Amino acid sequence: MASLDDPGEVREGFLCPLCLKDLQSFCQLQSHYEEEHSGEDRDVKGQIKSLVQKAKKAKNRLLKREGDDRAESGTQGYESFSYGGVDPYMWEPQELGAVRSHLSDFKKHRAARIDHYVVEVNKLIIRLEKLTAFDRTNTESAKIRAIEKSVVPWVNDQDVPFCPDCGNKFSIRNRRHHCRLCGSIMCKKCMELISLPFANKLTSASKDSLSTHTSPSQSPNSVHGSRRGSISSVSSVSSVLDEKDDDRIRCCTHCKDTLLKREQQIDEKEHTPDIVKLYEKLRLCMEKVDQKAPEYIRMAASLNAGETTYSLEHAGDLRIEVQKVYELIDALSKKILTLGLNQDPPPHPNTLRLQRMIRYSATLFVQEKLLGLMSLPTREQFEELKKKRKQEMERKRILERQAALESQRRLKERRSDLAPRTANGEVASLRGGPAPLRKAEGWLPLSGGQGQSEDSDPLLQQIHNITSFIRQARAAGRADEVRTLQENLRQLQDEYDQQQTEKAIELSRRQAEEEDLQREQLQMLREREWEREREQFQAASLHTRTRSLDFREIRPFQLEPGREPRNHLAYALDLGSSPVQSSAAQKIPSPVSALEPVRVWSGPPAIGQEPLPQSTVSQQSELASLNPFEEEDPSSPTADSTTSPPAAEPASGPSACILKEYNPFEEEEEEAVAGNPFTNPDSPAPNPFDEEDEYPCPRPSSPPVPGNPFEEATCTNPFEMDSDSGPEGEEPIEEELLLQQIDNIKAYIFDAKQCGRLDEVELLTENLRELKRTLAKQKGGTD
Amino acid sequence: MNVVFAVKQYVSKMIEDSGPGMKVLLMDKETTGIVSMVYTQSEILQKEVYLFERIDSQNREIMKHLKAICFLRPTKENVDYLIQELRRPKYSIYFIYFSNVISKSDVKSLAEADEQEVVAEVQEFYGDYIAVNPHLFSLNILGCCQGRNWDPAQLSRTTQGLTALLLSLKKCPMIRYQLSSESAKRLAECVKQVITKEYELFEFRRTEVPPLLLILDRCDDAITPLLNQWTYQAMVHELLGINNNRIDLSRVPGISKDLREVVLSAENDEFYANNMYLNFAEIGSNIKNLMEDFQKKKPKEQQKLESIADMKAFVENYPQFKKMSGTVSKHVTVVGELSRLVSERNLLEVSEVEQELACQNDHSSALQNVKRLLQNPKVTEFDAARLVMLYALHYERHSSNSLPGLMMDLRNKGVSEKYRKLVSAIVEYGGKRVRGSDLFSPKDAVAITKQFLKGLKGVENVYTQHQPFLHETLDHLIKGKLKENLYPYLGPNTLRDRPQDIVVFIIGGATYEEALTVYNLNRTTPGVRIVLGGTTVHNTKSNLKSTGQFPRGSSGFRTAQQKQGELSSYSEVHKQTVNLNRRGERRRRVRRPAQLALNLPAGFPHRPQVLEESLGFHACPYNPPPGSLLTPEL
């Protein structure tokens, strides 16, 4: 009788599977296991591992009842989850089961057999070669016979009274014939003949393979060609003397059989059916898709998240490329499907099945992959996304910074108990590099704070780290370490300077390219408006450029944070202390808002009704374009230096000195006061548009219509074109999207038709029609 | 220990080894089933396998641009077919895999046939069983025994299947078997023999606790396969029949063409994977959720997709939508049919009595209930006979056994001779005389206490109170308490520790209820992995068939009433709801089934009637049909 108090029967929870010790939580169990049983068998480890995985999964459930770590005995039956057993579906992957190969055995037996077979065939071929090596037509039959006899010894006539194949008795009427290849005897009925072309085909094929094997330099074609010639001449002659057997070689059925098999093999080797060629192409395309699609998906995902790592154009190109490949796959598989359908003996049902299956799998492939291709955002959406992301990043950063400040403050407090502090140390701790609490004897500098480390390039980050290390080392009084660190720092800085100059060059180069590109684009867009004033055009082009730069130019901009750590820091503190600014920082001008100030600033020329010299316009626009970015700066003093400021900078003139002189932080402060005097510092400005509306008011040079700046856009403002070009520039994108959708839907229709889902087909066709209509409408609109 | 994965890995390896290019898979009848259980067509198509051919099919064309992967059982016929094939090869190159051990002489004769050197690989890949679930395998052998003894052919097939399983999982087990069954002992010896003979193959890395193979005989528990089931997988098998994951729905009234046969495979049907072990009520609500999801995604007929964004959303959701529409219509059809059968055959009531017969020891109440149901015209002759069988098995030796009276009732009901014969047949098959252990009365103190407690607490669900006997056996085994006098070891060695990896094999077939039990044991017992196998997976029908005398055909499901042609009452039958108040006489507190209504969207391929009865624990939160009763608490 089993005992009732058997522990295994009642205990549950985090039991160690080896010693059955009850450990209160998963963590404890893990550490217990690592300490106590780490040396034990691996299999058990695998089991506990799965157990641990399971436990992790169950953790969420357990968390709800944190107090008692023991899982309560489940709700009901199989719903109970956390006993620690494993769902068979979750059993850890196992290795391939046992296998045993018979190949070596098989090969051994086969080799024995094959050797015999191959020797036989080769013998026949060699004899055949000898028999056809001389010019049969111009040789006397007696001589031929002699040669034939020399090739293979003929069996003695007396030894064979009956035909070995059909068993008929040989007589005067039923004469004996000798096989020229093996020398055996058969009757006329059983005799086979080998024509010269056939013989030549066999011998030349083996010669070819021989010649290519032995001396690749020797052109096999020449041999081939010459033989071909002789064959044709022979056959033309032989057609005249059809009755005569001399141009054909007598042989027995066995030899003929062997030779026929050989011929078949040769044929197969040379012949590749159409389906194989098409199929190979198809597979190539599929491989291409497998390569490209993930890349595209990465791009699209990144773009859809509002990141700026990839360019929208590039992604669009890639998308089109991939779609082209899909079309090719579709076309190829369709071709395979219809292969040989019109031939007279219709292909074997299995061939058709194969073709259908290939087509089906290609459709599946396209379906699966094509539909995995997410669409790209349109230009505006992309802007929107970018904005959102930036805001989010900002919020995160602010939170982080606040958290960092908080922790630093705490640390500072703690440290002030430990050691007297210098002003320098204070800065160090603020910069996020607090010295660690001392361990037993070692000294370990901490790496820099989160704020900087995230965004700047690794070099800069390293420099930061090292400077903070130096400070910490100094504070800790480690002279030797300070020295080595300083050496390091110097090297790093050199390296960094070099990099920066390179970058500046690169930047200017790119900018020039960008400019060209923009100009081209504009030219295309506005061929109709060429008559307009040149200045106007150029001014406009400048604006579009700055605008487009705003979202296209992405260059890490590390100069400021790198060179002016103090300033930056001060700023960080500033941010932490003034919620107004931080909240203002959260709104980043959208492209629209970026344009807005431009319009406002361009008020004077509008009033004057007289175009300003180009230089002034550009200067103004320069200023104007700076404006939005300054607003942005507070939002991204450190991390977001990757985005706008560099874009603004090159727009104003790609020179590094301007860049250095220009301190966005100081100016920003001014701007905040001067540019926006009416904004109540206590109430965070709601949205950029409101703010923009406020701009015109304080300015004397505000336009005559004080109300809505949008109305202004309709008057003869030189920048009016700009607002025109916006929607027009979007047109092609919309169209493209539409076209893509049309393509997609076509694919679905096809697919649905194949599956016989008529209702879907209908629905889809309806959609398609709608889309086409929209497209047509749009096209009509633009023209 | 995942058998599905084990077979799948073999197949993947075969395909992988053959390299790129168009391929044809050459199989025999059995390996076709084996492969189809682990790979779907579209999955295997992606691996460039485009054609599936039977080695014995004569109508194969020469296609030298294809590579052939042959996966065959090493039978004499297959070897002969293969020899013919190699003499005149139809494909460019052959990769040959046998699903079990092949003799050296067969290899030799194959080698000699391969004059054109088309064979690139000859291997043994031990995927020689049907992998149903990760922990459940079958050999698809019906009627493996003749009387008490093995059919020699089936014994060898079973031995092969079982050794292949061990090899594919890389287990070299100790063997225990059920002493009361001669067949179990024979099989154990045969397996042992193979292990000894092929000792090289069975040399695996030693684990601390050796794996265990437990061989049982169905006749020890003839009850389990006689019960109606209420978890999805088991229920589908019981009522519709699952054959290699395929379900034949052609008999469902008004079935659409593409749903005549559906595949339920947990490998690629997420809904099924999540629901196969849930009970009918839970499935009802899940399927409702599934459908609501679907309706959200389904573009409405009138919806014109006005904006580009709409269209984009539609297009992007299209594949999921398509996949979903397949899943939804399949499961709705299956569940709808189940629910139809449940109401038509009055299965809730039948099942309750079945469970009482199987789990409780109250003779008079059981007898009364059986008698009452025999009077019910809606109970089919099949179900009636089944009830009597259960009664006969349970109260075989009861002092006031009134089996003759029940048999009379059966005859009066018009139950045909063939069904009545089955009653004695089943007693013959799994009666007390045969059983090695006691199915019904608890033996030890623990069990007695348990049952007592159960009686106090009441049963959670009247329809699923039965626990297969296997549960107790395995429970004891895991705890190291399985008696050696009933389940001896083969050979001198015994296991000192508790077993960790266990393979249980039931001669005469396992059931899905047992599969569920094993599944739960796996989930609830740390460090223990159990795989269940059987010569087949039974439902009641197949179980009775394998006792040798079950009539062929499905006519048994018709009630006498329907036979008279009163089909017009169908709709009445569908709308009927179970009168839940009726059974006030039950002493125990019992959870009552809730009402569940499913409103299917219009335009659905098949529109099952209201899914009314379902059982289980939660009342359906969805709008109940007007006038229906919600669960009254008793």
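Proteins come first, then strands; the chains are lettered A, B, ... in the order of their sequence lines, and each starts at number 1. What you see is a predicted model, and the numbers here were worked out from it, not measured in a lab.
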Go through B:M63 and A:I275 one step at a time and tell me if the side chain to side chain contact (heavy atoms under 4.5 Å, CB included) criterion holds.
CA-CA 11 Å; B:M63 291 172 128; A:I275 187 167; over 6 Å; no

Any heavy-atom pair between the side chains of B:Q41 and A:Y360 that's under 4.5 Å?
yes

Does any heavy atom of chain B fall under 4.5 Å from the side chain of A:K261, the backbone, both, or neither of them?
side chain

Contacting moiety of B:A164, where chain A heavy atoms sit under 4.5 Å
neither

Of the listed residues (B:K13, B:H135, B:E117), which shares the most heavy-atom pairs with chain A below a 4.5 Å separation?
B:E117

Within 6.0 angstrom of B:K108 NZ, more than 12 heavy atoms from elsewhere:
no

In this structure, NE2 of B:H65 is separated from CG of A:D274 (nearest 0.5 Å) by 10.0 Å

State, with a plain yes or no, whether a side-chain heavy atom of A:S101 is found less than 4.5 Å away from one of B:E121.
yes

Honestly, the part of B:F95 sitting under 4.5 Å from a heavy atom of chain A is neither

Pick out which of B:E200, B:E198, B:Q123 makes a side-chain hydrogen bond (donor to acceptor under 3.5 Å, both in side chains) with A:R100.
B:E198

Counting only heavy atoms closer than 4.5 Å, note whether B:E53 contacts chain A via side chain, backbone, both or neither.
side chain

Proximity breakdown for B:V118 and chain A, heavy-atom pairs closer than 4.5 Å:
backbone

Side chain to side chain contact (heavy atoms under 4.5 Å, CB included) test vs B:L66 passes for just one of A:N350, A:V276, A:L354, namely A:L354

Carboxylate-amine/guanidinium proximity below 4.0 Å for A:R353 and B:E61
no

Is it the case that the side chains of A:H109 and B:D114 hold a donor-acceptor pair, with the cut-off being a distance below 3.5 Å and no angle test?
no

Does any heavy atom of chain A fall under 4.5 Å from the side chain of B:E267, the backbone, both, or neither of them?
side chain

Within the 4.5 Å heavy-atom criterion, are A:V99 and B:Y10 side-chain neighbours or not?
yes

Per-residue contact mode, A:T351 against chain B (heavy atom under 4.5 angstrom):
both

Greatest number of heavy atom pairs closer than 4.5 Å to chain B - which of A:M286, A:H348, A:R113
A:H348

Chain A heavy atoms under 4.5 Å from B:F204: which part of the residue, side chain, backbone, both or neither?
side chain

In Å, rounded to the nearest 0.5 Å, how long is the span from CE of B:M22 to CD of A:Q355?
9.5 Å

Determine the option with the most heavy-atom pairs under 4.5 angstrom with chain B, choosing from A:K108, A:M357, A:R110.
A:R110

Which pair of non-hydrogen atoms, one from A:D105 and one from B:V107, has the smallest distance, and what is that distance?
CB-CG1, 4.3 Å

Taking it one step at a time, do B:K170 and A:Q94 satisfy side chain to side chain contact (heavy atoms under 4.5 Å, CB included)?
CA-CA 9 Å; B:K170 294 197 166 177; A:Q94 66 227 25; over 6 Å; no

Ranked by heavy-atom pairs below 4.5 Å to chain A, first place among B:E115, B:K104, B:R60 goes to B:E115

Which one wins on heavy-atom pair count under 4.5 Å against chain A: B:I96, B:L201, B:L169?
B:L201

Less than 4.5 Å to any heavy atom of chain A: does that hold for the side chain of B:V7, its backbone, both, or neither?
neither

Heavy-atom pair count under 4.5 Å with chain A, highest-scoring of B:I530, B:V122, B:V101:
B:V122

Using non-hydrogen atoms and a 4.5 Å limit, figure out which bit of A:F106 sits close to chain B: side chain, backbone, both or neither.
both

Do you know the tightest heavy-atom contact between B:Y126 and A:A98?
CD1-O, 3.1 Å

Under 4.5 Å to a heavy atom of chain B? For A:I114 that would be side chain

Under a 4.5 Å cutoff for heavy-atom pairs, which residue among A:K107, A:E95, A:H116 has the most contacts with chain B?
A:E95

